[in-house]
Protein chains: 2
Amino acid sequence: MDRAIHRTIIIKNHLLQPNSDQILTTNACLSYSPPELNEVYDFDLKEMRKLLDGHNLQERDWLFNLMVQSKLFNPRKRGEKVYVAPDYNQTMEQQREMTMKRISYLLERNVFEGWLTAKGAEAELRKLALLEVTGIFDHSLAIKIGVHFFLWGGAIQFFGTQRHHEKWLRDTENYVVLGCFAMTELGHGSNVRGIETVTTYDANTGEFIINTPCESAQKYWIGGAANHATHTIVFSQLEINGKNQGVHAFICQIRDAAGNICPNIRIADCGHKIGLNGVDNGRIWFDNVRIPRENLLNSVADVSPDGQYLSSIKDPDQRFAAFMAPLTSGRVIIAGSSVYKAKIGLAIAIRYSLSRRAFSITPNGPEVLLLDYPSHQRRLLPLLAKSYAASCAANYLKMMYVNRTPQSNKTIHVVSSAFKAILTWHNMRTLQECREACGGQGLKTENRVGHLKGEFDVQLTFEGDNNVLMQQVLLSP
Amino acid sequence: MDRAIHRTIIIKNHLLQPNSDQILTTNACLSYSPPELNEVYDFDLKEMRKLLDGHNLQERDWLFNLMVQSKLFNPRKRGEKVYVAPDYNQTMEQQREMTMKRISYLLERNVFEGWLTAKGAEAELRKLALLEVTGIFDHSLAIKIGVHFFLWGGAIQFFGTQRHHEKWLRDTENYVVLGCFAMTELGHGSNVRGIETVTTYDANTGEFIINTPCESAQKYWIGGAANHATHTIVFSQLEINGKNQGVHAFICQIRDAAGNICPNIRIADCGHKIGLNGVDNGRIWFDNVRIPRENLLNSVADVSPDGQYLSSIKDPDQRFAAFMAPLTSGRVIIAGSSVYKAKIGLAIAIRYSLSRRAFSITPNGPEVLLLDYPSHQRRLLPLLAKSYAASCAANYLKMMYVNRTPQSNKTIHVVSSAFKAILTWHNMRTLQECREACGGQGLKTENRVGHLKGEFDVQLTFEGDNNVLMQQVLLSP
């Protein structure tokens with residue numbers, strides 16, 4: 001009841017501004033102190049963190065600590081805390097080089113150990129936890145690592161067979177090769193089945209021939225292609241004896257170890273973006289590039305040396321579905337990552353609202369904290385509540401994924417599609433509200449909340465446009 | 001009816017994907033051509049443009065043409081058209097210098113002629129039209145010009161008297177002085193009445209003394225302050241004989257003509273932002289800076305040489321309201337500008353949806369244009385309709401403003417507050433939808449639609465936070 005009266009007074013004073021000289025008196029200068037010093041809370045922070053992060057807390061702290069120790073991550077001490085953040089006042093070329101330097105630093109400290117060669121749910125959870133930490137620092141760093149390990153590496157794991165695993169996985173883990181993943185084309189994104197790159201087989205030499213038949217078939221948005229990648233997975237129609245067998249995946253080298261682009265490969269830059277400028281997205285054309293027969297990732301289908309098409313999955317729909325499987329990990333990762341960004345935005349906006357004051361209730365009285373305004377509470381606190389729920393949902397999905405079985409794949413596909421769409425939409429809505437709730441400070445890049453919007457907008461449409469994913473959820477039996 | 005059947009077939013084929021080999025056949029490569037070559041329309045483009053731009057069409061074209069002719073605006077020919085756009089793959093320092101170079105170029109070509117010295121609605125409409133054109137090219141260019149002419153120049157026009165007009169307006173128009181507008185402080189944005197900068201008067205020397213008493217009183221976000229401005233309007237509490245007379249405006253030099261910061265002035269940079277990096281927002285501290293008595297902008301109140309406070313407006317509320325008047329022009333400009341950006345976003349997203357295809361209805365049939373999907377129509381076309389309405393609303397407000405009378409000021413305040421909030425919210429919602437409707441292409445900076453989001457997000461909170469403005473509308477009698 002006291003609280004209701006207090007609120008009524010605030011609103012009354014808002015409506016009836018006192019018409020007196022007194023309000024013009026200068027307030028004592030405002031002082032700022034971190035809200036954790038003033039606000040009382042009665043729950044165990046460590047327990048709460050355990051609930052939200054869910055797993056591998058020590059490994060997460062270890063990686064945060066590695067970052068804090070290196071100048072590559074721009075550590076800055078403020079009070080008792082050390083903050084790390086990239087310098088975004090750089091050209092995309094500079095940001096890309098910094099991303100690679102950070103990866104080298106993490107590689108030397110064994111961060112990526114076992115990411116492709118260790119097996120089991122535990123190894124997978126460690127990998128996911130560490131990737132989440134890199135994404136809290138910088139989206140470009142996480143995406144650059146994610147493309148290499150989860151798309152390139154994941155394609156070899158899922159589509160490849162023993163010969164590919166032995167040849168590529170350890171070298172990928174050690175960055176002896178730098179991988180990318182050429183699925184999307186200029187003319188086809190969501191509709192992967194419609195891609196126009198064509199691969200044929202030459203039985204005389206035992207080689208596949210990959211070709212980009214027209215401009216709309218150029219590979220587009222290929223992360224890593226513009227500057228650094230040495231190899232790529234190529235998704236292509238496979239035409240055997242004049243018959244199209246549908247989309248298949250191949251390994252193709254695009255640069256030598258010195259960084260020179262290989263013969264019959266053409267590469268161009270996708271240019272500056274509204275975020276992720278630390279990732280070198282590129283365009284690739286294949287001019288009848290020849291690759292060994294063994295470079296077909298053949299877990300689902302194969303071509304014999306004399307050119308016969310062989311597949312245990314006769315139904316082309318099912319075959320295509322098998323090829324889409326590795327994208328599930330992308331959706332699981334994006335869903336989790338988006339919740340972390342909503343949490344960052346809310347932490348910043350709510351902390352700000354607990355130190356920033358605007359307008360007084362009484363003449364000469366202290367100005368009111370933003371979060372004491374009911375309107376401000378209604379803008380931020382429901383999003384906070386939803387973010388707790390979203391955090392649990394993302395963890396649930398992650399556990400489902402690392403404990404997957406052949407029987408649960410269909411469910412994971414549906415749940416990951418739904419969660420990816422819902423949680424990324426939630427994130428963008430939250431970041432926008434947080435940015436506005438911080439006023440002008442929300443626009444400063446170093447305050448993160450506004451900058452994260454540009455960085456994570458891509459999550460709404462990559463690895464499946466949200467609207468298309470929600471239709472898939474709708475259509476699933 | 002035919003149309004309904006056609007739609008039903010599309011939806012049916014979406015739901016029941018044909019289970020046959022045929023769908024795997026490669027489509028003929030897609031071809032792209034501008035939609036205006038394929039689409040039939042039966043209205044007069046020129047008449048429509050006249051309706052939407054409303055006024056000063058020739059001057060607008062003249063200015064567009066000036067831009068196209070200079071390398072400073074990066075003209076690039078594509079087909080028969082020439083496109084201009086800033087290069088955003090630059091550090092903020094580079095972007096700021098480019099903005100100043102562009103202003104110099106426009107200045108030499110008399111673009112700003114009469115912006116402060118010509119009188120009447122016609123001169124004002126020309127100025128508004130040309131400012132709109134600069135904003136279509138680049139938000140930083142428009143804001144940098146807007147701060148100089150509408151905030152610095154406007155304050156001198158509205159708050160100053162003849163002695164100020166004679167001394168400053170022509171020099172401002174010719175960029176002999178570069179002005180900025182120091183109202184916002186670190187601790188006070190929307191609550192201007194609460195600012196903490198204090199000015200006192202020294203009758204012995206006939207000078208005012210401006211002081212920043214504490215950190216929260218530093219001027220913040222002052223466009224032009226970090227690098228280029230030579231002078232500023234300072235908003236400050238005026239304390240005369242120990243009594244606070246409330247917020248008043250003063251002219252203060254902050255740099256000499258060579259760019260050196262004046263004694264007792266300290267300036268720092270606000271740093272990198274999520275947009276507007278071509279504007280040098282800065283922070284200013286005044287360490288008991290002395291300025292001549294004549295630098296008080298004295299249309300509302302004055303201080304006599306012997307230190308008596310004189311004002312024809314006795315009510316401090318009304319006096320404060322008089323000081324807020326020039327911000328009306330800002331809201332009129334922002335409302336209009338935001339509609340132009342929604343139009344740019346929609347033009348890009350709708351043109352894209354008329355050339356981009358995804359998924360076929362029939363095996364081997366052509367893929368469907370994005371805009372032929374009902375879902376895509378429902379995402380974009382209501383926003384298009386609303387943008388036409390918004391365009392008319394913004395023009396209505398502009399005419400109201402340039403034909404203002406003392407009687408209409410109150411109405412203009414309310415209408416401009418409401419339209420600024422509603423149209424900027426509409427713009428951000430539209431740009432976000434357009435960006436997602438363009439998929440990955442919406443993220444490329446050169447495709448503008450995504451980039452505009454970061455550039456124009458600021459409009460939601462500057463020159464009055466939208467939520468605060470809407471409360472003002474609610475409270476107005």
Side-chain angles (χ1 to χ4, degrees), chain A residues 15 17 19 21 23-27 29-30 88-92 184 187-191 193-194 196 198 213-217 221 237 244-246 270-275 315-317 358-360 367 375 435-436 439-440 443-446 450-451 453-454 457-458 460-462 465 467 475, chain B residues 15 17 19 21 23-27 29-30 88-92 184 187-191 193-194 196 198 213-217 221 237 244-246 270-275 315-317 358-360 367 375 435-436 439-440 443-446 450-451 453-454 457-458 460-462 465 467 475:
Chain A
L15 295 171
Q17 294 236 347
N19 182 5
D21 279 11
I23 202 168
L24 296 178
T25 307
T26 315
N27 286 315
C29 271
L30 302 172
Y88 291 107
N89 186 21
Q90 295 192 322
T91 62
M92 70 176 189
T184 296
H188 290 86
S190 290
N191 182 12
R193 274 191 178 195
E196 296 166 301
V198 177
C214 55
E215 281 309 296
S216 60
W221 295 124
Q237 307 289 348
N244 184 6
Q245 297 291 352
C270 288
H272 194 266
K273 307 182 292 288
I274 68 167
D315 177 6
D317 282 345
F359 299 100
S360 312
E367 292 183 87
S375 60
R435 153 18 221 153
E436 293 175 45
L443 301 164
K444 269 186 89 154
T445 304
E446 70 171 11
H451 181 73
K453 290 195 309 134
D457 198 351
V458 63
L460 302 176
T461 49
F462 77 172
D465 177 286
N467 288 295
L475 297 179
Chain B
L15 296 170
Q17 295 236 346
N19 182 5
D21 280 11
I23 202 168
L24 296 178
T25 306
T26 315
N27 286 315
C29 272
L30 301 172
Y88 291 107
N89 186 21
Q90 294 192 321
T91 63
M92 69 176 189
T184 296
H188 290 86
S190 290
N191 183 12
R193 275 191 179 195
E196 296 165 301
V198 177
C214 55
E215 281 308 297
S216 60
W221 294 125
Q237 307 289 347
N244 184 5
Q245 298 291 352
C270 288
H272 195 267
K273 306 183 292 289
I274 68 167
D315 177 5
D317 282 346
F359 299 101
S360 312
E367 291 183 86
S375 60
R435 154 15 222 155
E436 293 175 44
L443 301 163
K444 269 186 89 154
T445 303
E446 70 171 11
H451 182 74
K453 289 195 309 135
D457 198 351
V458 64
L460 302 177
T461 50
F462 77 172
D465 178 286
N467 287 295
L475 296 180

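Quick caveat: nothing in here was measured; it's all calculated off a predicted structure. Just the heavy atoms: all of them, side chains too, but no hydrogens, waters or symmetry mates, feed the values below.
- Ranked by heavy-atom pairs shorter than 4.5 Å toward chain B, the options A/T461, A/V458, A/T91 are led by A/T461.
- A donor-acceptor distance shorter than 3.5 angstrom exists from the side chain of A/T445 to the backbone of B/K273, with no hydrogens or angles considered.
- Ranking B/D465, B/N467, B/T184 against chain A, the residue ahead of the rest is B/N467, based on heavy-atom pairs under 4.5 Å.
- Among B/R435, B/Q90, B/M92, the residue with the largest count of heavy-atom pairs under 4.5 Å with chain A is B/R435.
- Put simply, of B/G454, B/G450, B/G271, the one with the most heavy-atom pairs under 4.5 Å next to chain A is B/G450.
- Annotation: salt bridge (charged side-chain N to carboxylate O under 4.0 Å, His left out) contacts of A/K453 (sequence neighbours excluded): B/D457.
- Both the backbone and the side chain of B/N89 come within contact range of chain A, with heavy atoms under 4.5 Å apart.
- Minimum interatomic distance between A/W221 and B/K444 (heavy atoms only, all atoms of both residues): CH2-CG, 3.1 Å.
- Annotation: side-chain hydrogen bond (donor to acceptor under 3.5 Å, both in side chains) contacts of B/E436 (sequence neighbours excluded): B/Q432.
- When every heavy atom of A/I274 is checked against every heavy atom of B/H451, the shortest pair comes out as CG2-N, 3.4 Å.
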